[in-house]
Enquirer: 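Could you have a look at this structure, given as structure tokens, before my questions?
Please read these numbers as outputs of a predicted model, since none were measured by experiment.
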Amino acid sequence: NSLCVLYPSIDFVLPTFADDTFTTDTSIPVNFSISKGTNTINNIKYIWNSTSYTLYNDSLLVMYNFDNNSALGESATKVVDVSKNSNNGTINGGMIWNSSGKYGGAYMFDGSDDHIDVPGNYNLNAFTFSFWVRAGVSQQTYADIFDNNHANGNYVLQMDGSNTNNFYWGGQLLALTPLTWQHVLVTISSAQLVNFYINGVSSGTANADLIQTISTIITTNAMRIGN
């Protein structure tokens with residue numbers, strides 16, 4: 001008998017710069033795919049000037065690429081979770097998919113009934129949401145980027161009434177630039193302090209007294225993307 005071990009392979013694709021590229025840019029895009037072979041990938045780290053940055057580890061609960069990739073089992077009604085947890089999402093409301101997302105595909109939400117139901121309830125004391133979003137010139141009143149079905153003790157990133165491209169959570173307002181892809185990150189600490197970042201820049205915090213008990217929120221209602 002013999003054992004064949006296939007180590008992960010890494011492929012770098014556009015818009016990653018070619019080898020030996022010189023640039024004066026202060027940031028660069030790196031797009032890569034990892035084929036894990038027979039191994040389980042527990043973490044991915046990026047090291048720059050002897051400092052290690054974790055890009056991925058097995059604490060990831062849900063990750064959607066929105067590529068409508070039939071090879072993964074994705075369809076007009078299903079988005080596949082590429083984390084280890086298989087929390088596949090259900091598409092509702094006739095959302096429109098296109099291939100011109102920030103990286104790969106994207107879905108267009110009408111701000112009315114288009115949404116993705118994310119299964120699973122998670123008993124967490126601290127967690128992070130991260131996503132790319134391209135806000136339109138206008139939105140439906142109170143359109144959501146994500147929420148937990150607006151139940152008691154809800155969390156929601158929602159448009160501020162009819163104020164286009166102004167979104168809020170717990171009293172903190174986030175202004176998004178229309179027709180521009182922006183990276184939005186929301187962190188919730190175990191002390192229930194919420195921090196917001198747009199394109200890596202701190203964009204405010206929400207006070208703890210404006211946030212319901214996080215563990216209650218997460219275990220009571222599943223997440224929903226769009227509304």
Side-chain angles (χ1 to χ4, degrees), residues 26-30 43-49 51-66 81 83 85 87 101-103 109 115-116 118 120-135 139 142-161 163-178 180-227:
T26 57
S27 63
I28 59 172
V30 180
N43 61 74
I44 300 172
K45 293 183 178 180
Y46 171 69
I47 300 175
W48 179 262
N49 285 344
T51 300
S52 178
Y53 302 90
T54 298
L55 300 180
Y56 165 84
N57 61 35
D58 59 7
S59 68
L60 182 67
L61 294 176
V62 178
M63 180 176 177
Y64 299 139
N65 288 326
F66 289 171
D81 172 23
S83 80
N85 299 300
N87 290 311
K102 177 62 178 179
Y103 299 109
F109 299 79
H115 66 277
I116 296 173
V118 181
N121 296 314
Y122 313 102
N123 187 9
L124 304 173
N125 291 320
F127 53 97
T128 298
F129 295 102
S130 175
F131 48 89
W132 286 98
V133 60
R134 183 179 185 269
Q139 293 94 36
Y142 296 114
D144 294 354
I145 293 179
F146 63 83
D147 65 33
N148 73 325
N149 293 317
H150 289 254
N152 292 331
N154 67 51
Y155 61 92
V156 58
L157 185 58
Q158 182 181 73
M159 198 178 84
D160 182 18
N163 297 315
T164 297
N165 289 313
N166 287 330
F167 292 81
Y168 67 91
W169 176 331
Q172 174 62 43
L173 191 66
L174 298 177
L176 298 181
T177 303
T180 301
W181 283 105
Q182 294 175 277
H183 185 264
V184 179
L185 187 141
V186 183
T187 66
I188 298 92
S189 73
S190 58
Q192 299 181 38
L193 176 64
V194 183
N195 287 275
F196 304 94
Y197 301 86
I198 297 178
N199 295 331
V201 178
S202 178
S203 301
T205 63
N207 296 325
D209 59 0
L210 294 173
I211 307 299
Q212 301 291 329
T213 302
I214 296 298
S215 61
T216 300
I217 294 171
I218 293 299
T219 56
T220 302
N221 300 284
M223 187 174 72
R224 183 170 59 188
I225 302 172
N227 186 26

Enquirer: Answer yes or no: is there a side-chain heavy-atom contact under 4.5 Å between Y197 and S202?
Expert: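 Of all side-chain heavy-atom pairs linking S202 with Y197, at least one is under 4.5 Å.
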Enquirer: Measure the CD1-CZ distance between I116 and F109 for me, rounded to the nearest 0.5 Å.
Expert: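 Result: 4.0 Å between the selected atoms.
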Enquirer: Would you give the length of the straight line joining atom OG1 of T180 to atom CZ of R134, rounded to the nearest 0.5 angstrom?
Expert: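 The distance works out to 7.0 Å.
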Enquirer: Any chance you could measure W132, atom CH2, to K102, atom NZ, to the nearest 0.5 Å?
Expert: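 Going from the CH2 atom of W132 to the NZ atom of K102 covers 4.5 Å.
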Enquirer: Mark yes or no for whether Q182, through its side chain, and T177, through its backbone, hold a donor-acceptor pair below 3.5 Å.
Expert: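 Yes; at least one donor-acceptor contact below 3.5 Å.
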Enquirer: For F131, give me all partners under ring-ring contact (aromatic ring centres under 6.0 Å, His included), at least two apart in sequence or on another chain.
Expert: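 Residues passing ring-ring contact (aromatic ring centres under 6.0 Å, His included) with F131: F146.
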Enquirer: Is there a side-chain contact between L176 and V184 in this structure, where contact means two heavy atoms from C-beta onward sitting under 4.5 Å apart?
Expert: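 Sidechains of V184 and L176: in contact.
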Enquirer: Sequence neighbours excluded and cut-off under 3.5 Å, please list the side-chain donor-acceptor pairs for residues 53-66, or say none.
Expert:
from: N57; atom 1: OD1; to: S59; atom 2: N; distance (Å): 2.9
from: N57; atom 1: OD1; to: S59; atom 2: OG; distance (Å): 2.4
from: Y64; atom 1: OH; to: N87; atom 2: O; distance (Å): 2.6
from: Y64; atom 1: OH; to: G89; atom 2: N; distance (Å): 3.3

Enquirer: What are the two closest heavy atoms between I198 and A175, and how far apart are they?
Expert: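 That would be CD1-O, 3.8 Å.
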Enquirer: For T187, enumerate each residue passing the side chain to side chain donor-acceptor pair (under 3.5 Å) test, keeping only those at least two apart in sequence or located in another chain.
Expert: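 With sequence neighbours excluded, T187 shows a side chain to side chain donor-acceptor pair (under 3.5 Å) to no residue whatsoever.
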Enquirer: side-chain contact (heavy atoms from CB on, under 4.5 Å) with I28: which residues, sequence neighbours excluded?
Expert: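 In terms of side-chain contact (heavy atoms from CB on, under 4.5 Å), with neighbours along the sequence ignored, I28 is linked to F17, T23, V30.
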